[in-house]
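In this text the structure is predicted, and so the values were computed from the model without any measurement. Just so it is clear: chains get the letters A, B, ... in the order the sequence lines come, proteins before strands, and each one is counted from 1.
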Protein chains: 2
Amino acid sequence: MEYAFNGVTPVILGFLDFGSRSGYDIKNAVDKSTRFFWAASYGQIYPELRRLEKSGLIEGESAPRGGRRRTVYTITDAGREALLRWLRAPELTREVRDEGMLKLFFAGALEPEEALGLLQAKRRQHEEALRRLRAIELDTPESEGLPYVVLQGGLAIHESIVEWCSKMERRLGKGGS
Amino acid sequence: MEYAFNGVTPVILGFLDFGSRSGYDIKNAVDKSTRFFWAASYGQIYPELRRLEKSGLIEGESAPRGGRRRTVYTITDAGREALLRWLRAPELTREVRDEGMLKLFFAGALEPEEALGLLQAKRRQHEEALRRLRAIELDTPESEGLPYVVLQGGLAIHESIVEWCSKMERRLGKGGS
DNA sequence: GACGGCATGTAAGTCGTTACATGATTTG
DNA sequence: CAAATCATGTAACGACTTACATGCCGTC
């Protein structure tokens, strides 16, 4: 039987393939990297670590720091194979839930200045995202590797949204629709 | 008491503000427009129509076509106010789940040619999205209004992703990381 | 008469977030 | 010594998808 992946499975296997870590470490790694396009919570991570260990895709070892209990997990050969199978599978799910876009879509119910305000708010949101991504860019030494490629993608997306906002703000500001 | 919005609430109120419709009509409208950034299923729409009607934000009227029963809903003043309150609220949730990005992030476990294939697959996915958006652009007459602005945003995003893919494909193809 | 589109609806199940609980350690 | 951080975990809840069920209508 193939191991049934859920949302957090590839994240755990992927980060453990970079190196052994605790659940807490995985959560921190996610929050500094993939969460921009794939989030994960403790409520997913800890139960899934159990499940993966039971199936032999990872192995946990007690590694307390001082008096704090701590379990560090290591990916197994079976786990690496499962990760590769997932990487090679053709599915590329992509889902977006963007309330700013939705509001803009229905903003005809508002006064024009308010619709303009919505665009400005959206621009600010993505400018903020750009600041965060650029901060990450600065404190990661390597300017190569796939994670860096992905970071460049994030920058490209947010930059294009900011540009589109600016353009549309000018249009709406001039009374054009 | 404020009406508690869920994911599908603003979609229903927004489309009914454009004009009276049945649940089926709303689903079709969503699938041709907002679903690129905000999807909705029948499993959400029909129960929420009931709930909205019970609270007086919309009103349903039987409007059969031939022997097919059909209920057309109309937004009320209370419904319009709720829509405006939502439009004016500062929250702008934005969530993305992009499996292509996640795979690329962990693609170091693959051979370089396979990682390149992942990038190409992602590019094709967004080229396909562009085709769909451009088809919508062509068969909608008005080239103004907020929905048109949002459509332009969708085009800008997918175009920037396609460009980023092309650029990174060239980089990886040359043996760069 | 089969198939596709119109039209409404529900049940089951999955998925994910949030809040909470516990307790140790480090830092200001 | 208080607050932040390390570290693990669970329970409750809400959200959403999928599959299914029903039945009418038009057309090939």
Side-chain angles (χ1 to χ4, degrees), chain A residues 3-12 15-16 20-32 34-54 58 60-73 91 93-99 102, chain B residues 3-12 15-16 20-32 34-54 58 60-73 91 93-99 102:
Chain A
Y3 186 85
F5 274 44
N6 62 38
V8 84
T9 315
V11 176
I12 292 177
F15 276 113
L16 291 186
S20 299
R21 282 165 169 76
S22 68
Y24 188 81
D25 294 337
I26 292 172
K27 170 67 169 155
N28 281 338
V30 166
D31 285 345
K32 278 184 206 145
T34 68
R35 83 143 158 157
F36 294 99
F37 50 88
W38 202 280
S41 66
Y42 288 126
Q44 300 173 269
I45 292 170
Y46 286 113
E48 183 63 12
L49 283 170
R50 298 283 178 96
R51 207 181 129 235
L52 282 163
E53 188 174 27
K54 234 185 278 174
I58 65 175
E61 196 188 354
S62 178
R65 284 224 259 247
R68 273 195 286 245
R69 81 188 165 110
R70 185 161 162 272
T71 307
V72 165
Y73 293 89
E91 298 91 56
T93 300
R94 192 179 135 92
E95 283 160 59
V96 178
R97 269 183 108 69
D98 188 327
E99 198 175 7
L102 193 64
Chain B
Y3 185 84
F5 274 43
N6 61 39
V8 83
T9 314
V11 176
I12 292 177
F15 277 113
L16 291 185
S20 299
R21 281 165 169 77
S22 67
Y24 187 82
D25 295 337
I26 291 172
K27 170 68 170 155
N28 281 337
V30 167
D31 285 344
K32 278 184 206 147
T34 67
R35 85 146 156 154
F36 293 99
F37 49 88
W38 202 280
S41 65
Y42 288 128
Q44 300 172 269
I45 293 170
Y46 285 114
E48 183 64 12
L49 284 169
R50 297 283 178 93
R51 206 181 131 236
L52 281 163
E53 189 173 26
K54 235 185 276 174
I58 65 175
E61 197 187 354
S62 176
R65 284 224 258 247
R68 274 196 285 245
R69 82 190 164 109
R70 185 162 164 273
T71 307
V72 166
Y73 293 91
E91 298 92 57
T93 299
R94 192 179 136 92
E95 283 161 62
V96 177
R97 269 182 110 69
D98 188 327
E99 200 176 5
L102 193 63

B:Ala39, nearest nucleotide to its side chain (from D:dC6, C:dT17, D:dT17): D:dT17

Salt bridge present between A:Arg50 and A:Glu53 (N-O < 4.0 angstrom): no

Working for side-chain contact (heavy atoms from CB on, under 4.5 Å), residues A:Leu52 and A:Tyr73: CA-CA 10 Å; A:Leu52 282 163; A:Tyr73 293 89; over 6 Å; no

Touch class at under 4.0 angstrom, heavy-atom based, for B:Arg70 against every strand present: sugar-phosphate

Value in whole Å for how far the C1' atom of D:dT8 lies from CD of A:Glu48: 16 Å

Spacing of A:Ile26 atom CD1 relative to D:dA7 atom P, expressed in whole Å: 13 Å

Donor-acceptor contact present, side-chain B:Trp38 to main-chain B:Val30, <3.5 Å: no

Consecutive-pair stems (3 or more, Watson-Crick or G-U, under 3.5 Å) for DNA chain D: C:1-28 with D:1-28

Presence of B:Arg65 side-chain N/O under 4.0 Å of D:dC24 phosphate oxygens OP1/OP2: no

Any donor-acceptor N/O pair, A:Lys27 side chain to A:Ser41 backbone, under 3.5 Å: no

Contact under 4.0 Å: B:Tyr24 side-chain N or O vs C:dC6 OP1/OP2: yes

D:dT17 phosphate, OP1 or OP2, under 4.0 Å from B:Ser41 side-chain N/O: yes

Nearest-nucleotide comparison on DNA chain C, the residue closer to the 5′ end among A:Arg68 and B:Asp25: B:Asp25

Between C1' of C:dC15 and CD of B:Glu99, the distance in whole Å: 15 Å

Nearest-Å distance for atom pair NZ/C1', residues A:Lys27 and D:dT5: 15 Å

Rounded interatomic separation in angstrom, taking CZ from A:Arg51 and C1' from C:dT14: 12 Å

A:Ser22 backbone acceptor or donor facing A:Arg70 side chain under 3.5 Å: no

Shortest non-hydrogen contact between B:Glu99 and A:Glu91, atoms and distance: OE1-O, 3.6 Å

So which protein N/O to nucleotides 9-12 of chain D N/O distances come out below 3.5 Å?
from	atom 1	to	atom 2	distance (Å)
D:dG9	OP1	A:Arg50	NH2	2.5
D:dG9	O5'	A:Arg50	NH2	3.3

Heavy-atom closest contact (B:Gln44 atom, B:Val8 atom, distance): O-CG1, 3.8 Å

Spacing between B:Asn6 atom CG and C:dC15 atom P, to the nearest angstrom: 21 Å

Over all atoms of both residues, closest heavy-atom pair of A:Arg69 and A:Pro64: CA-CB, 4.2 Å

Interatomic distance, A:Arg35 CZ vs C:dG16 P [rounded to whole Å]: 17 Å

Parallel, tilted or perpendicular: rings of B:Tyr3 and B:Phe5 (30°, 60°): perpendicular

